[in-house]
Structures are given as C-alpha cells and as structure tokens.
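Quick notes on the structure that follows.
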2 protein chains.
Amino acid sequence: MPPDPARERLSRERVLTAAVAFADTHGLDAVSMRRLAADLDVVPMALYKHVSDKEALLDGMADLALAELGPLVDQDDWRATVRARILAARELLLRHRWLRRVLETRPRQTPTMLAYLDSLIAVFRRSGFSDALTHHVMHALGSRAWGFTQELFDDPNPAPPPSPEQLIQLSQAFPHVAAMAGVAGHVDESVVGRGCDDQFEFEFALDLILDGIAERQSAGWEPPVR
Amino acid sequence: MPPDPARERLSRERVLTAAVAFADTHGLDAVSMRRLAADLDVVPMALYKHVSDKEALLDGMADLALAELGPLVDQDDWRATVRARILAARELLLRHRWLRRVLETRPRQTPTMLAYLDSLIAVFRRSGFSDALTHHVMHALGSRAWGFTQELFDDPNPAPPPSPEQLIQLSQAFPHVAAMAGVAGHVDESVVGRGCDDQFEFEFALDLILDGIAERQSAGWEPPVR
DNA sequence: ACCTGAACACCGTTCAAGT
DNA sequence: ACCTGAACACCGTTCAAGT
C-alpha cells in the first residue's frame with residue numbers, strides 16, 4: 001500500500017505536541033509510548049525515530065511546556081521580580097498538572113530548566129547578593145522556585161471523602177491534625193494532602209521565605225569560616 | 001512434595017521487612033512484586049495473601065521505616081523541638097534513600113504518617129500558636145517537615161560528571177548558574193541537582209523558615225478577614 | 001529516510017487449582 | 001489457610017525487514 005498522502009509526516013515537534021496534549025487531557029500515567037503512538041495513528045516504534053527513549057520524551061515535554069513561560073520580566077526590585085516569576089511558574093504548573101511530576105523525576109536538568117534557574121539566579125546576583133548567599137537562598141526556595149510544593153499533587157483520581165464515622169475516628173486518633181485542618185474548612189484534607197494548597201497558602205509560605213531572604217541579605221550574611 | 005519445614009512461613013511482617021531490606025540494598029526501582037517474591041523464595045502470588053497490592057506494600061514499607069523514628073522528644077522550646085524532630089526525620093531518610101519517593105507518591109497519608117504530622121502540629125498548638133497560624137506554618141514547612149527537600153534525590157545511578165568542554169559550554173550558556181555553583185565548590189552539580197543538599201544547606205533553609213515562623217507568631221499574626 | 005511487524009524481557013494481577 | 005501455575009493485559013525496547 002502506498003503511504004497515505006493525507007497523513008501528516010511525523011516529526012519531533014509533532015510527537016512532543018501530541019504528548020503534551022495527551023498528558024493534559026489523560027494525565028501522566030496514561031502517557032505510554034504505545035498509547036501515544038496509537039494517538040498519533042502510528043506504530044509504537046515509529047516514535048523512536050524522533051525521540052530516543054521515553055525519558056527523552058519526558059524531557060521534551062517539559063521543555064515544550066516550560067517554553068510557555070517566556071522571558072523573565074523585571075519588576076520594581078528583586079523581591080517583586082522573583083515573586084512574580086515564581087507565581088507565573090505556578091500558574092503554568094496548574095495548567096499542566098503533569099509537569100510537576102515530570103520535573104521532579106528528571107535526573108538531569110534540561111537546558112530549558114537550567115535557563116529558568118539561570119534567570120532567577122541572575123536576579124539575585126544583579127541585586128548584589130553574594131554568590132554564596134545566592135546559592136543558599138536558591139536551596140531555601142527549593143522546589144518552590146518552580147512554583148510547586150509537596151502539597152500540589154497530580155492525582156488523577158482523588159480519593160473519596162471519608163465517611164462521618166471515619167472522620168470521628170481520625171480526629172480521635174490525630175486530634176491536632178483535626179483541629180488544625182478544621183480551621184481551614186477542610187477536615188477531610190490532611191496537612192500534606194491535596195486540595196488545600198491554594199493561592200493563599202502558597203503566597204503565605206513564599207512571602208515568609210522571601211522575608212527570610214531579605215533579612216539575611218540586609219544583615220550582610222556571610223558564610224561561616226571553616 | 002510436602003512443604004519444606006525448614007522454610008519459614010510467610011507473614012505480613014516478613015514480607016515488609018524483606019521489602020525494606022531489598023529497597024535499602026537494591027533501590028526502589030528494583031522493588032517489584034516478582035523480584036521480592038523471588039527474594040523470599042516464593043511464587044509472586046504468595047505475596048498477595050499478606051499485602052493486598054503493590055501500593056499496600058509501599059504503604060507498609062513506609063510505616064515500617066517511619067517506626068524507627070520513635071516518639072517525639074520535647075526540647076527547651078517549640079523551635080528546638082521542631083528542629084530536632086525534623087533533623088531526626090532527615091537522618092531516617094538518609095538511611096532509607098527510597099523512603100522520600102515512597103512518601104511523595106502516597107495518595108493518602110498512612111496512619112504512621114498522620115501520627116508523625118500530629119506530633120509536630122501538637123508542638124505548635126501547645127506553644128500557643130493559633131490553629132490558623134499552625135496550619136499555614138505547616139504548609140510553609142511543606143516537605144521539609146519530613147526532613148527532605150526537592151534536592152534530595154534517590155538516584156541509584158548518578159550521572160557521570162560533565163567533561164571540561166561541556167562545563168565550559170554550560171557556564172557560557174548559564175553564567176549565573178555557573179557562578180553560583182562554583183562558589184560552593186561543585187560546578188558539576190546544578191542548583192537543584194543532587195549531591196549538594198548537605199547538612200549545612202538543609203539547616204540554613206530550615207532555620208530561615210523557623211525564623212519566619214517565630215516572627216509571624218511573635219507579631220501576633222492573624223488570618224486576613226474576607 | 002522513515003515506518004512496520006514480530007519478538008523479547010519484563011510488569012501487576014485474575015482465576016482456578018492444589019495441599 | 002496458605003501457596004502454586006498458568007494466563008491476561010499491559011509495559012519499553014531490540015532487531016530485521018519493508019517502502
């Protein structure tokens with residue numbers, strides 16, 4: 001049979017775009033080489049011409065999604081710049097719910113990931129932070145620099161809410177968790193559970209850390225001699 | 001053939017203990033139902049009598065490892081107590097390198113996980129923190145409450161160090177990353193890479209956050225009215 | 001140069017049977 | 001009550017062949 005002329009040729013770009021769309025709609029767990037191939041109307045092995053293996057596919061997906069971020073925009077001062085940049089990254093991660101888990105599992109930073117970090121680090125260095133302080137400060141931000149926290153789960157099928165009986169049992173066994181969670185209006189979600197990492201939580205923690213960073217810097221923090 | 005009397009009977013405890021030991025020595029990726037069964041000299045399906053599925057196995061492994069932590073020990077004040085507790089958890093995670101990834105992927109908290117969080121939350125509440133502040137403060141700690149950060153990878157096969165040529169290329173493309181990393185004496189490790197999340201880094205960030213928490217509390221922080 | 005087909009070495013898990 | 005064996009529906013990836 002002659003190749004169907006109506007069928008678009010495969011390309012790395014087409015593979016990655018399809019993979020991102022597939023993950024957006026079906027979740028990361030559904031992304032397999034075989035299913036992606038089926039989605040593209042192609043035999044599994046056809047993908048390997050454009051992507052060396054599954055890890056490379058995930059790298060490419062991360063790069064493609066991160067490209068949506070665009071260049072860093074300077075604000076009034078380092079604090080506002082870093083804050084806005086991180087909140088923008090957070091919005092990206094909320095648009096692509098699978099991205100957090102992909103970033104977490106990259107054994108090496110992709111160039112796009114490095115470029116993102118470079119742009120953040122640049123803000124601190126240009127604002128007079130020492131290289132040592134910049135280094136520690138980036139560690140203090142940790143994954144929050146990417147706009148996510150451990151709470152932001154990518155669970156495709158959230159667990160059903162516990163029954164009233166279970167709730168009573170839980171709050172007897174773990175009274176402090178219950179009291180603390182109750183205040184936030186979601187007794188059904190545990191501290192590091194999913195669902196309560198809303199904008200307010202994220203900004204509270206981010207500002208707390210930015211305050212700490214500002215304090216270290218204005219106090220002229222220096223690395224301990226050893 | 002009669003059952004070999006010398007062969008110890010399987011039990012949930014024996015399965016979990018073997019799984020923990022197996023993960024300790026071979027890494028998490030090596031833990032499969034089939035390989036664990038082979039390790040126990042048993043057919044794969046024999047495990048399912050003691051553990052309902054693989055997720056339950058991972059839950060059990062987490063519980064067993066976390067049990068090593070023991071009860072919380074009170075120190076001079078909330079700050080010292082929380083600090084010591086978190087550093088103890090960190091040491092546990094360093095002993096069981098697979099545990100971080102298992103904790104991260106639990107869709108629901110196991111009872112042992114909840115008990116750990118409960119003990120931490122109790123410290124804040126007993127020290128006069130409001131429930132609302134306690135809630136936000138636990139979020140600010142995030143995964144650091146478990147003694148890990150995004151930097152603490154469980155990579156069984158660390159990537160080879162880049163060649164000098166690659167290093168030069170990298171530092172030209174990402175000058176700020178290079179400058180910042182250089183100061184810490186490990187140009188070969190990127191910011192969120194593995195290997196530089198040493199004790200000092202962790203304590204720097206932890207203390208920065210504890211400072212922020214102490215500041216919020218002594219300032220009488222209250223949730224915004226809405 | 002790009003895609004295909006069959007095969008290999010793995011998974012987790014079900015079902016029906018053995019002791 | 002506990003373990004077994006064969007089977008099912010999946011994986012990622014190799015190799016040799018087609019066009």
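The sequence lines fix the lettering, A, B, ..., with proteins before strands; numbering per chain opens at 1.
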Atom-pair distance (CG on A:D41; P on C:dC3), nearest Å: 12 Å
Ring geometry between B:H139 and B:H135 (parallel below 30°, tilted from 30 to 60°, perpendicular above 60°): perpendicular
Interatomic distance, B:R9 CZ vs D:dC2 C1' [rounded to whole Å]: 6 Å
Could you pull out all donor-acceptor pairs under 3.5 Å where a side-chain atom in residues 61-68 of chain A meets a protein atom, sequence neighbours excluded?
unit_1: A:D63; atom_1: OD1; unit_2: A:T110; atom_2: OG1; d: 2.6
unit_1: A:D63; atom_1: OD1; unit_2: A:T112; atom_2: OG1; d: 2.8
unit_1: A:D63; atom_1: OD2; unit_2: A:T112; atom_2: OG1; d: 3.4
unit_1: A:E68; atom_1: OE1; unit_2: A:R95; atom_2: NE; d: 3.4
unit_1: A:E68; atom_1: OE1; unit_2: A:R95; atom_2: NH2; d: 3.1
unit_1: A:E68; atom_1: OE1; unit_2: A:H96; atom_2: NE2; d: 3.4
unit_1: A:E68; atom_1: OE2; unit_2: A:H96; atom_2: NE2; d: 2.7

Nucleotide N/O to protein N/O under 3.5 Å, stretch nucleotides 8-10 of chain C:
none

Pairing residues for A:A115 by the side-chain contact (heavy atoms from CB on, under 4.5 Å) criterion, not counting sequence neighbours: B:F174
Spacing between B:R12 atom CZ and D:dC2 atom P, to the nearest angstrom: 14 Å
Distance in angstrom units between A:L58 CG and D:dT13 C1', rounded: 15 Å
Residue pairs passing the salt bridge (charged side-chain N to carboxylate O under 4.0 Å, His left out) test where at least one lies in residues 43-60 of chain A, sequence neighbours excluded: A:E55-A:R106, A:D59-A:R106
Rounded distance in Å - CE (B:M33) to C1' (C:dC11): 11 Å
Interface residues of residues 45-55 of chain B with DNA chain C (non-hydrogen, below 4.0 angstrom): B:M45, B:Y48, B:D53, B:K54
All side-chain contact (heavy atoms from CB on, under 4.5 Å) counterparts of B:R83, not counting sequence neighbours: B:L87, B:E203, B:L206, B:D207, B:L210
Between B:H50 and B:E13: side-chain donor-acceptor atoms closer than 3.5 Å: no
Partners passing ring-ring contact (aromatic ring centres under 6.0 Å, His included) against B:F200 (at least two apart in sequence or in another chain): A:H136
Contacts of type side-chain contact (heavy atoms from CB on, under 4.5 Å), residue A:P175, not counting sequence neighbours: B:D118
For B:F124, all residues meeting ring-ring contact (aromatic ring centres under 6.0 Å, His included), sequence neighbours excluded: B:W78, B:F129
Residue pairs passing the ring pair (Phe, Tyr, Trp, His ring centres under 6.0 Å) test where at least one lies in residues 100-119 of chain A, sequence neighbours excluded: A:Y116-A:W146
Nucleotide pairing, DNA chain C (Watson-Crick or G-U, distances under 3.5 Å), in dot-bracket with [ ] and |: ||.|||||...|||||.||
Those residues that, when tested against B:R85, pass salt bridge (Lys or Arg N to Asp or Glu O under 4.0 Å) (two or more places apart): none
